[in-house]
Peer 1: 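Pasting a structure below so you can have a look.
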Amino acid sequence: MSQDAVAETITPQSIGDAARAIADAAAQRRAIYSVGGRTHFEYGCPPGRPGIALCTTAMQEVIDYSFRDLTITVGAGMRLHRLAEILAQQSQFLPIDFVFGGDSTIGGMVAWSPPGPRSYRWGSIRDYVLGMRAIDGDGRSFCVGGRVVKNAAGYNVTRLLTGSWGTLALIGEVTLMVRPLPEQRRLWSWSVKGPEELERLLSCLIASRCEPSAIEVIGGTWWDREPVLATVGENGPFRVAVVLEGAARELDGLWDTLWRELTEAELRIGEEIPVESYDRLSGFLAEIPRSGVVYELDVRPSRVVAGLELLSNLRPRASYLAHAGTGKILVFEESGDEFTPEVAAQLRAAVMPLDGRLVVLRFPWSGTWERVAVWGPVSPTGRYMQGLKDRFDPHGILNPGRYVFPP
Amino acid sequence: MVGAENLITRPSELVVYECDGYTLEKETPPAVVFPNSTEAVASVVRVCREHEVPVLARGAGTGLAGGATPLGGGVVLSLARMKKILDISLRDRMVHVQAGVLNLELSSLLSDTHWHFAPDPSSQVACTIGGNIATNAGGPHTLKYGVTVNHVLGVTWVAGTGEVIQVGPEATSAEFDWIGLWTGSEGTLGVATEAWLRLTPLPLAHRTFRVIFQSVEDACNAVSRIIAAGLIPAAMELMDRGILQAVEDAFHFGFPSEAEAILVVELDGIPIALDEQERIVAQLCRDCHAQEIVSAASEEERALLWRCRKSAVGAVGRLSTGYFIQDGVVPRTRLPELVRRVANIGCERGVRIVNVAHAGDGNIHPILLFDERDPDEVRRAMAAGRAILEACIELGGSITAEHGVGIEKLPLMTALFSPDDLDVFWRVKRVFDPANIMTPGKLLPPPPRLSQQDEKNGQPR
């Protein structure tokens with residue numbers, strides 16, 4: 001099965017249109033594949049059966065922007081760069097990284113909730129979705145959450161739907177909490193010779209009272225293409241980048257604090273690199289060739305160094321971006337053919353002693369990949385996931401095959 | 001299963017468990033069990049499920065919405081004896097604790113480090129981590145640091161099926177956000193028995209000051225303007241004249257008796273940035289007719305100011321023998337209108353209302369005073385409480401920000417959510433608690449009508 005299985009595209013103009021389209025599809029048991037900016041359609045498993053692409057990009061209006069309340073409600077099809085422009089006019093922003101670039105839609109980001117470097121300080125998009133209007137697999141629309149920054153009424157279904165890969169409901173509209181835009185962002189970087197030094201540096205950065213926005217470890221040949229990031233690594237296999245954000249004077253103070261902490265720990269001081277490099281870091285998934293494989297290793301922050309050592313032993317040609325503060329290691333291999341289900345199984349077994357998890361996010365759809373090879377063994381929560389799936393999408397028409405559920 | 005020493009059935013002992021901090025409805029439970037392990041909790045749930053006996057999880061009983069009140073019978077499952085600190089990993093910025101650990105105990109435990117657990121509900125001296133998770137508890141500092149769900153990395157969960165599930169502390173794309181769904185589910189989907197909690201560095205410096213206003217509306221306007229100016233203080237707390245009187249009687253802080261409202265503003269962060277922020281906040285407050293702005297002169301004075309704020313509700317006993325505290329929330333810019341309406345509701349119904357508020361979040365806690373011996377006063381206070389929450393809904397807000405629905409706000413769920421929205425909640429409920437034994441009759445009004453499909457299948461979805 002491939003993207004060709006989704007030959008027909010419909011583009012509803014409103015949530016009502018989308019609900020009718022889903023109800024019609026449900027009556028005919030036709031599969032619906034939700035798409036937005038199509039910036040990460042190749043992620044996850046391929047469509048499980050032929051169906052219709054439901055494109056949300058016409059639902060892109062600002063429904064309410066209460067900038068004094070720091071909340072905005074928009075159609076799910078709004079692209080991230082437009083959302084950022086609107087918010088910037090009021091010196092506000094949504095503190096998530098556009099990991100697939102600005103053409104992604106907010107609905108697409110909410111549906112997957114991919115983590116970015118700055119989730120260390122700011123949290124993930126789950127922390128910013130206050131409310132939602134969505135449509136279940138019967139075509140019934142419902143509202144969850146609200147437009148207030150604190151809300152304890154009913155179950156937090158917004159969090160359930162965020163990151164559910166569109167398999168429970170189509171997200172039609174979201175209300176987001178936004179934040180004042182930091183005046184400045186600055187980056188510092190280190191080259192690190194070995195795992196012991198890396199561990200000492202990461203321990204110091206994580207214990208820092210200046211709370212960096214991101215603590216990234218990068219490695220592999222992919223980064224050699226980025227001039228600034230490449231020079232950072234010329235003395236060692238590991239390269240570390242730290243991001244601080246805030247007002248100009250605040251940043252000076254934060255860096256002074258970090259400088260003192262590093263000096264006390266007898267660690268080298270990093271060198272400041274151009275801020276533009278951050279976009280290359282945070283948006284690297286949008287840049288890499290589509291033929292490659294992308295997977296994530298999830299470990300505790302204290303096991304990131306062990307995870308990277310393991311990775312360099314088993315997959316020496318892989319490039320990675322490790323969010324060292326949250327323990328998520330994103331790995332990219334340019335040649336998808338070399339990364340087989342057997343390799344995934346070997347890696348998965350190797351990270352188990354670290355209590356780690358491996359999820360293959362992108363792989364060549366031409367290959368034969370069982371669901372378990374992609375997502376890992378069915379977890380103890382599997383039957384609850386299926387229970388919810390059956391109740392939200394009783395005919396199994398929403399993104400069949402794309403996520404952990406069998407098509 | 002739990003041993004005789006961990007079971008109470010004597011009526012004289014059971015009376016303690018007849019309600020939580022919401023005292024208008026009470027019922028003595030037939031039994032209270034105190035399991036001391038996750039397995040024991042799971043055994044209790046499984047037996048209760050087999051015999052279709054309701055299970056009500058209870059932490060410290062500090063809830064204010066009746067979530068732990070055993071209406072309709074059932075076994076009270078107290079987590080109070082599960083109070084072990086299982087692991088502290090500062091390298092991972094994480095602690096692993098049992099659910100009965102007290103919120104404040106975590107801060108004490110970490111007092112020689114620069115870390116803390118950020119959610120700080122006013123009841124933090126007594127409330128448990130399990131209770132915080134059940135209600136998605138907040139507190140004054142949620143304005144900057146978020147509510148409980150933002151600080152939970154992992155949970156050991158006993159579902160209503162009796163199954164034990166561990167989620168986290170490592171996040172993965174291969175699962176739904178269970179922690180997000182379970183946090184705030186008020187014991188109706190299952191019980192958290194252990195949690196991995198994220199630690200936050202203590203700020204390098206604070207600036208805490210009290211701003212005196214001649215009207216509550218002026219104070220609320222100042223809050224709106226501070227947020228609109230792009231500042232996120234650590235906390236912005238409002239106390240009106242009524243509550244100040246009680247607080248002053250209790251703590252003798254020295255609040256001026258003529259103040260109509262006091263805003264406690266706390267900025268935190270790096271010292272060099274705080275000077276500028278303090279200047280802006282002070283100017284915005286003056287623009288809103290602030291009469292006086294006084295900074296806490298010492299850490300002791302700051303601590304006392306916070307003690308006054310966090311103990312404010314407890315001090316209400318000096319004003320009235322009976323009271324209940326409401327928990328409404330509106331978009332921050334609607335706060336001035338809401339406080340006007342609260343005052344009108346009190347006047348119209350002849351109910352004295354005093355106010356504290358997490359004003360920065362748009363979250364008000366009006367405290368309605370009454371004489372418990374006077375049924376008419378109680379009835380009017382209840383009606384006024386309901387009217388306040390209806391006003392919150394009208395203004396685009398919600399009926400609870402951090403206390404939960406419990407039994408107290410149950411009747412308003414149908415005003416806030418449509419039948420289709422409530423049906424979504426029931427779908428979730430049935431997956432985790434198919435026998436409807438976990439804290440039944442709370443949070444969710446009875447199931448909406450069966451869909452055609454369900455009717456055809458002969459059972460609810």
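In what follows, every chain begins at residue 1, and chains take the letters A, B, ... in the order their sequences are listed. Keep in mind the model is a prediction, meaning the values are calculated, not measured.
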Peer 1: Give the minimum heavy-atom separation between B:Leu202 and A:Arg209, together with the two atoms involved.
Peer 2: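 Closest approach of B:Leu202 to A:Arg209: O-NH2, 3.1 Å.
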Peer 1: Report which part of B:Trp157 has an atom under 4.5 Å of a heavy atom belonging to chain A: side chain, backbone, both, or neither.
Peer 2: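 For B:Trp157, there is no contact with chain A at all, as no heavy atom is under 4.5 Å.
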Peer 1: Side chain, backbone, both or neither: which part of A:Asp252 has a non-hydrogen atom closer than 4.5 Å to chain B?
Peer 2: neither
Peer 1: Return the set of residues passing side-chain contact (heavy atoms from CB on, under 4.5 Å) with B:Thr161 (not counting sequence neighbours), or none when no residue passes.
Peer 2: A:Arg383, A:Tyr384, B:Arg49, B:Ala159, B:Glu163, B:Pro434
Peer 1: Give, as side chain, backbone, both or neither, the part of A:Leu161 having an atom under 4.5 angstrom from any heavy atom of chain B.
Peer 2: neither
Peer 1: At a 4.5 Å cut-off on heavy atoms, which part of A:Thr158 comes close to chain B: side chain, backbone, both, or neither?
Peer 2: neither
Peer 1: Taking CZ in A:Arg371 as the centre, count heavy atoms belonging to other residues, nucleotides or ligands within less than 6.0 Å. Is the count above 12?
Peer 2: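 Enclosed.
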Peer 1: Checking A:Ser66 against chain B: side chain, backbone, both or neither under 4.5 Å from a heavy atom?
Peer 2: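 For A:Ser66, there is no contact with chain B at all, as no heavy atom is under 4.5 Å.
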Peer 1: Give me the atom names and distance for the closest heavy-atom approach of A:Pro182 to A:Gly246.
Peer 2: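 For A:Pro182 versus A:Gly246, the nearest heavy atoms are CB-N, 3.8 Å.
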Peer 1: With respect to chain B, which residue among A:Val404, A:Val359, A:Asp256, A:Ile206 yields the maximal number of heavy-atom pairs within a distance under 4.5 Å?
Peer 2: A:Ile206
Peer 1: So for B:Val164, is it side chain, backbone, both, or neither that comes closer than 4.5 Å to the heavy atoms of chain A?
Peer 2: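 Neither part; nothing is under 4.5 Å.
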Peer 1: Heavy-atom distances under 4.5 Å only: say whether A:Arg357 touches chain B with side chain, backbone, both or neither.
Peer 2: side chain
Peer 1: Given heavy-atom pairs under 4.5 angstrom as the criterion, report whether the side chain, backbone, both or neither of A:Thr381 touches chain B.
Peer 2: both
